[in-house]
Amino acid sequence: MTAIPGFTGDANPYGGGDPYADYRTADFPFTQYANLADRRLGAGVIAANDEFFAQRENLLVPERAEFDPEHFGHKGKIMDGWETRRRRGASAEHPWPTAEDHDWALVRLGAPGVVRGIVVDTAHFRGNYPQAVSVEGTCVPGSPSPEELLGDDVKWTTLVPRTPVGGHAANGFPVAVEQRFTHLRVNQHPDGGIARLRVHGEVVPDPVWLDVLGTFDVVALENGGQVEDASDLFYSPATNTIQPGRSRKMDDGWETRRRRDRGHDWIRYRLAAQSRIRALEIDTAYLKGNSAGWASVSVRDGEDGEWREVLPRTRLQPDTNHRFVLPAPAVGTHARVDIFPDGGISRLRLFGSLTEDGARRLAARHQELGG
Ligand SMILES: NC(=O)NC(NC(N)=O)C(=O)[O-]
C-alpha cells in the first residue's frame with residue numbers, strides 16, 4: 001500500500017485572496033479508480049443526523065467546493081459542504097461532547113463495488129472541520145431506506161478507522177477491504193464540516209441483473225467496465241467515455257491536448273467480463289471543432305491476447321452519435337479505441353452479452369466479495 005500524507009490540525013483563518021492558496025492535498029494513487037459516489041452513477045447522501053449549517057448533499061457535488069467570505073445566512077456562515085452544529089456536553093461541569101458523540105451521513109454508492117480509497121475533503125473548513133472521521137461500509141441489496149440501514153441487523157465494516165484529519169485539506173485514505181459495498185456511513189467525531197467526499201473503487205455489478213438484461217453495454221462503468229489506461233488526460237478523464245447517458249457539455253466527454261507530432265490518442269478498457277460484442281456506438285456529442293477525425297476499435301481476449309480490429313479506421317462527424325453493427329460478433333475481455341490524430345469522443349458503447357465463461361467468472365467474483 002503506497003504511503004500517503006495524513007493532514008491534521010487547523011488551517012489558518014482565511015486571510016483574503018485565493019482561498020485555495022493554502023489548501024493541503026496530495027497525489028492519491030487510488031484516484032485512478034472511478035468515483036463510486038459520483039452523482040452521474042446515481043449516488044446520493046440519503047440521510048444525516050444533523051445538517052444545521054450546510055446540507056449533506058453538497059458532499060457529492062462534482063465540482064470543487066467554493067468559498068465566499070461575505071456569504072452569511074440566518075444560521076451563520078454559508079458553507080459549501082456538509083456541516084453540523086457544535087455539540088455540547090450535558091452540564092456546566094462537563095460542557096464538552098463525549099468521546100462517543102459523533103455525527104453521521106448515509107451515502108448510497110452510485111454503483112456497488114470494492115472501495116480502493118476515500119478522500120474526505122475539508123476544503124474551507126479551517127476551524128470547524130471534524131477532529132476525526134471514520135467511514136464504514138455495508139452491502140444491502142435493493143433500495144433500503146435510511147431507517148433500514150440504521151437497523152441493528154445491518155452489519156457495518158470499517159473502511160477508515162477513527163482518524164484525525166486536517167482543516168482545509170484533502171484527507172486521503174487507502175482502503176484494503178476485499179468486499180462489495182452498496183452504502184457507506186461517514187462519521188464526524190464529534191462534529192464539524194466536510195466539503196466533498198470521493199469514493200474511488202471498482203464497480204462489481206449484480207450478475208443476476210446483467211443476465212436478465214442479456215444484451216447491454218459491456219464497457220459501461222455501471223456494468224463493471226473500466227478504463228485501464230489512456231494516451232492523454234489533459235482536459236478530462238477517459239472514464240467519462242463510459243459514464244451513463246449522453247454528455248451534456250464538452251468536458252463531460254474525453255478531450256486530449258492538441259498533438260503536434262504524427263501520433264494519435266487512445267483509451268484501453270477492461271470489459272465487465274468476457275463478452276460477445278455485436279454493435280457499438282462512438283459519440284462525439286459537444287465535440288465540434290475538436291472531435292476526433294477518425295476512430296478504430298479493437299478487442300482482445302485475455303490479458304495477453306492479440307488485439308483484433310473490429311471497427312476499421314472510420315471517419316467521424318463532430319457532435320454526432322455514430323452507430324456500427326459488427327460484421328461478426330467479437331469475443332474479448334478488453335477493448336481499445338484509437339482516435340486520429342487527437343481531439344476527443346464523448347462516449348464509447350459496446351453492446352453485446354457475456355459469454356458463458358464471462359458470466360461464470362463474474363458470478364464467482366460477486367460471490368467472493370460478499371455477494
Ligand atoms: N464561522 C463559522 O463558520 N462558524 C460556524 N459555522 C458556520 N457555518 O457558521 C461554526 O460553529 O463552525
Side-chain angles (χ1 to χ4, degrees), residues 1 28-47 59-60 104-120 134-146 148-151 153-161 172-187 197-213 216-228 239 242-244 269-275 333 354 357-371:
M1 182 82 64
F28 304 123
F30 49 73
T31 51
Q32 63 176 303
Y33 296 104
N35 177 17
L36 302 182
D38 191 321
R39 283 288 292 168
R40 292 172 296 179
L41 280 176
V45 188
I46 60 176
L59 287 174
L60 304 190
W104 53 262
L106 294 178
V107 177
R108 179 189 64 242
L109 296 179
V114 177
V115 177
R116 299 294 182 206
I118 295 173
V119 179
V120 177
S134 60
V135 183
E136 305 159 279
T138 190
C139 184
V140 177
S143 306
S145 66
E148 289 169 325
L149 286 165
L150 294 172
D153 58 330
V154 172
K155 177 181 179 302
W156 293 89
T157 301
T158 299
L159 302 182
V160 177
F173 303 97
V175 176
V177 179
E178 283 305 305
Q179 289 180 29
R180 179 177 181 268
F181 295 104
T182 58
H183 296 76
L184 303 188
R185 180 160 64 186
V186 180
N187 302 305
L197 176 76
R198 306 295 186 235
V199 181
H200 296 276
E202 295 179 78
V203 173
V204 179
D206 178 350
V208 172
W209 175 253
L210 296 185
D211 181 51
V212 166
L213 289 183
F216 59 93
D217 180 353
V218 297
V219 75
L221 180 61
E222 64 185 337
N223 294 329
Q226 64 178 271
V227 168
E228 287 194 328
T239 300
I242 54 175
Q243 287 285 0
Y269 305 88
R270 192 185 77 193
L271 308 182
Q274 189 190 58
S275 305
T333 56
L354 299 185
D357 187 53
R360 186 168 47 252
R361 288 172 182 265
L362 194 74
R365 175 162 163 76
H366 183 267
Q367 186 66 31
E368 286 160 17
L369 296 169

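Starting from 1, each residue takes its place in the sequence as its number.
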Within a strict 4.5 Å, meaning less than it, do heavy atoms of the R365 and V114 side chains meet? yes
(message) Test side chain to side chain contact (heavy atoms under 4.5 Å, CB included) on V218 and N223; report intermediate values, then the result.
(response) CA-CA 7 Å; V218 297; N223 294 329; over 6 Å; no
Nearest heavy-atom contact between L150 and R185 is CD2-NH1, 4.0 Å
One should read off an interatomic distance between R180 CZ and E202 CD, to the nearest 0.5 angstrom, of 13.0 Å
Margin query: side chain to side chain contact (heavy atoms under 4.5 Å, CB included), that's the test. Do E368 and V204 meet it? Break it down for me.
Written below: CA-CA 11 Å; E368 286 160 17; V204 179; over 6 Å; no
Output for pair (L221 CG, Y269 OH), nearest 0.5 Å, gives 11.0 Å
Taken to the nearest 0.5 Å, the spacing of F216 CZ from L210 CG works out to 4.0 Å
* Whether over 12 other heavy atoms sit under 6.0 Å from Q367 CD -> no
- Message: Could you check whether any side-chain N or O of R198 sits under 3.5 Å from a backbone N or O of G172, counting only pairs where one atom can act as donor and the other as acceptor?
- Response: no
Rounded to the nearest 0.5 Å, the CD atom of Q226 sits from the CG atom of L271 at a distance of 10.5 Å
Smallest heavy-atom separation, A272 atom then L362 atom, equals O-CD1, 3.4 Å
With heavy-atom distances below 4.5 Å as the criterion, would you say the side chains of L197 and V120 are in contact?
yes
Check: Are the side chain of T138 and the backbone N or O of K155 linked by a donor-acceptor pair below 3.5 Å?
Finding: yes
Tightest non-hydrogen contact, residues H200 and Y33, listed as ND1-O, 2.9 Å
Between the CG atom in L369 and the CD atom in E178, the distance rounded to the nearest 0.5 Å is 6.0 Å
Report yes or no: does T31 contribute a side-chain atom to a donor-acceptor pair with the main-chain N or O of P29 at less than 3.5 Å?
-> no
Checking L159, V115, V175, D38 against V199 for side chain to side chain contact (heavy atoms under 4.5 Å, CB included), the one that qualifies is V115
Distance col, row D206:CG vs T182:OG1, nearest 0.5 angstrom, shows 11.5 Å
- Item | Test log, rule side chain to side chain contact (heavy atoms under 4.5 Å, CB included), inputs Q274 and R361 | CA-CA 9 Å; Q274 189 190 58; R361 288 172 182 265; over 6 Å; no
Minimal heavy-atom distance between S275 and L354, with the atoms involved, is OG-CD2, 3.6 Å
| said: Go through it in stages, so that I can follow the logic: the residues are V45 and L106, the test is side chain to side chain contact (heavy atoms under 4.5 Å, CB included), and I'd like the CA-CA distance, side-chain angles, deciding distance and then a yes or no. | reply: CA-CA 6 Å; V45 188; L106 294 178; over 6 Å; no
Heavy-atom nearest pair, E222 first then L41, reads CB-CD2, 4.0 Å
When every non-hydrogen atom of V140 is compared with those of P144, the smallest separation belongs to CG1-CG, 3.6 Å
